[in-house]
**Student:** 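Mind looking over this structure? Questions follow.
Computed from a predicted model, the values in this text were never measured in an experiment. Each chain gets a letter, A, B and so on, in the order the sequences are listed, and its residues count up from 1.
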Protein chains: 2
Amino acid sequence: MSLITDAPDKPTLYKQIRQDIERRILTGEWPPGHRIPFEHQLMVRYGCSRMTVNKALSELAQADLIERRRRAGSFVRRPQHLSAVLKIADIRAEITALGRAYGYELINRRLRAATAADRIRLGVKKAGKVVAIACRHSADGMPFAVEDRLIDLSSVPDAATADFANEPPGSWLLHHVPWTEAEHTISAIVADDRTAAALDIAVGAPCLVIDRYTWRSARTITAVRLLYPGDTHRLVARFKGG
Amino acid sequence: MSLITDAPDKPTLYKQIRQDIERRILTGEWPPGHRIPFEHQLMVRYGCSRMTVNKALSELAQADLIERRRRAGSFVRRPQHLSAVLKIADIRAEITALGRAYGYELINRRLRAATAADRIRLGVKKAGKVVAIACRHSADGMPFAVEDRLIDLSSVPDAATADFANEPPGSWLLHHVPWTEAEHTISAIVADDRTAAALDIAVGAPCLVIDRYTWRSARTITAVRLLYPGDTHRLVARFKGG
DNA sequence: TTGACTTATATGTCTAGACATATAATCGTG
DNA sequence: CACGATTATATGTCTAGACATATAAGTCAA
């Protein structure tokens, strides 16, 4: 579901310098704490101006591979805590990418005044209207995930009239509302009878849960809970690090 | 467990330009596909040289917020698929960060010739030796996670003599072996009797599973499976996007 | 020894140019 | 009209300087 690729680039000088240093760091030749040659030394070694060296080092610093300290120099950072770019794609794109046929089914759609529980879930204080949606995504006709979503109509008025019978709300929102911030929480539960029926798995079978909250400029847009069969579905995050 | 913070920086000119454009993109003032003013126009607007504008735009391009095309200009990119930086910290750091007391207990440590199953798990073909470790992490005396790890001794010879009785293998590896690539797979299972006993939860209770493989320059270092109680533990990924 | 002050220095930012290069737009030609 | 050649232009990279600024290291006094 995710992969960080290094596009092969024309080896301009600053990129060459950057890759050169990166290689030494990744192979361990320059261990954490090692001081990288000063910009002045590097410009002599590579026969270029300081700006060129600076650009290479700046990018390495931006990638957290090195740390730059005024007057002291640049240092190889100690291995970062494991961190991964976890790309959780639009479910339709995810299923299509697997080469399987995507299916969507709206189970329930209700427009209502926000209940107390709704307001807590969306993290809003004022009363207002919400759209509650339950739907199911399938791959090759088999249940893939069930979705339980709440959309704050005060943030997304258009959602009141949107037709979610044919378009999944996730796709609709992605195309209609720019988001600025989001949060995923991943956990595990066992299927209750309703979930089990919807996913066509046994009651008590493990489920992977993704709760996603999306904001736009500190304003809640939507809260969604996705349930996947836990033994067949996997989230994969692949990454590089130092 | 993760958070992308924007450190408040002294507002140098290029950063101001960058944030200015970033704001317009994030608020939707400049929607996806919108062409950003040419560098030449921006240098007039901000009264600076092209290199300054170029630095701002280059960083925005590096962050995938804009796309730059020669002769055509720079354009706001359409919203990326949801992607999050999922920071899976060293467990000790994770527990400490929660303000709880960290505990570690080695359950089992065996040095053996790699079995067929070991070789499959590590993705190596040649015969060799491995260290198999089972251990438990606890927070405030309560089981937090159980770990089942395999270390390839041909990649990490020192692991044969390392003392994992007092130091968790994850911390030891992080400090002794630089890694260049890793992969996480997140899934859910239900606890079997052994897992239930180790985590002090009921048989059949949900567990969050993290399988992590770590490589160094295409060479497998270690494979580890972490089991967390699924209803109490959560992976959180918070992020920004366009 | 400790704390306050000074100094040297590496990085941070910026300029006003230059040439390279990819490509959108235009122009000509069949 | 279609297609290939030409041209204009925005970005990509680079230079040789400049001054700003944080700070490690050295200096000196209490």
**Student:** Round to a whole Å and report the spacing from CD of Gln62(B) to P of dT13(D).
**Tutor:**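 The distance from CD of Gln62(B) to P of dT13(D) comes to 11 Å, rounded to the nearest Å.
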**Student:** Please tabulate, one pair per line, each protein N/O and nucleotide N/O from nucleotides 24-28 of chain D that are separated by under 3.5 Å, including the distance.
**Tutor:**
residue, atom, partner, partner atom, Å
dA24(D), N3, Arg71(A), NH1, 3.1

**Student:** Among residues at least two apart in sequence or on other chains, which ones pass side chain to side chain donor-acceptor pair (under 3.5 Å) with Tyr102(A)?
**Tutor:** His137(A)
**Student:** So what does Ser58(B) hit on the nucleic acid, given a heavy-atom distance under 4.0 Å: a base, only sugar-phosphate, or nothing?
**Tutor:**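 Nothing, no heavy atom under 4.0 Å.
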**Student:** How close or far is atom C1' of dG12(D) from atom CG of Leu13(A), stated in whole angstroms?
**Tutor:**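 Spelled out: CG on Leu13(A) to C1' on dG12(D) is 13 Å.
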**Student:** Less than 4.0 angstrom from a charged side-chain N to a carboxylate O is my criterion; do Arg136(B) and Glu105(B) meet it?
**Tutor:**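 Salt bridge between Arg136(B) and Glu105(B), a charged N being under 4.0 Å from a carboxylate O: yes.
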**Student:** Within this structure, what is the CG-to-C1' distance between Asn54(A) and dA10(C), rounded to whole angstrom?
**Tutor:** 11 Å
**Student:** Check the distance between dC14(C)'s P and Arg18(B)'s CZ and give it to me in whole angstrom.
**Tutor:**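 After rounding, the reported distance stands at 12 Å.
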**Student:** Check each of Arg109(B), Arg121(B), Arg225(B) against Asp148(B) using the salt bridge (charged side-chain N to carboxylate O under 4.0 Å, His left out) test, and report the only one that passes.
**Tutor:**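 Considering Arg109(B), Arg121(B), Arg225(B), a salt bridge (charged side-chain N to carboxylate O under 4.0 Å, His left out) with Asp148(B) is found only for Arg121(B).
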**Student:** Given dG12(C), dT13(D), dT15(C), which nucleotide is nearest the side-chain atoms of Arg68(A)?
**Tutor:**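 Between dG12(C), dT13(D), dT15(C), the one nearest the side chain of Arg68(A) would be dG12(C).
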**Student:** Would you kindly give the CZ-to-P distance between Arg50(B) and dT11(D), to the nearest whole Å?
**Tutor:**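 The distance from CZ of Arg50(B) to P of dT11(D) comes to 7 Å, rounded to the nearest Å.
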**Student:** Within this structure, what is the CZ-CZ distance for the pair Arg68(A) and Phe75(A), rounded to the nearest 0.5 Å?
**Tutor:** 11.0 Å
**Student:** At a heavy-atom distance below 4.0 Å, what parts of residues 33-48 of chain B sit against DNA chain D?
**Tutor:** Phe38(B), Glu39(B)
**Student:** Find the distance Glu59(A):CD to dC14(D):P and express it as a whole number of Å.
**Tutor:**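 After rounding, the reported distance stands at 11 Å.
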**Student:** Would you call Arg212(A)-Glu147(A) a salt bridge at under 4.0 Å N-O?
**Tutor:** no
**Student:** Phe75(A) CZ to dA10(C) P: how many Å, rounded?
**Tutor:**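 Computing the Phe75(A):CZ to dA10(C):P distance gives 11 Å.
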**Student:** Nearest-Å distance, CE (Met51(A)) to C1' (dA16(D))?
**Tutor:**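 After rounding, the gap between these two atoms is 11 Å.
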**Student:** Is it true that Arg92(B) and Glu167(B) make a salt bridge, defined as a side-chain N closer than 4.0 Å to a carboxylate O?
**Tutor:**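 Salt bridge flag = no for Glu167(B) with Arg92(B).
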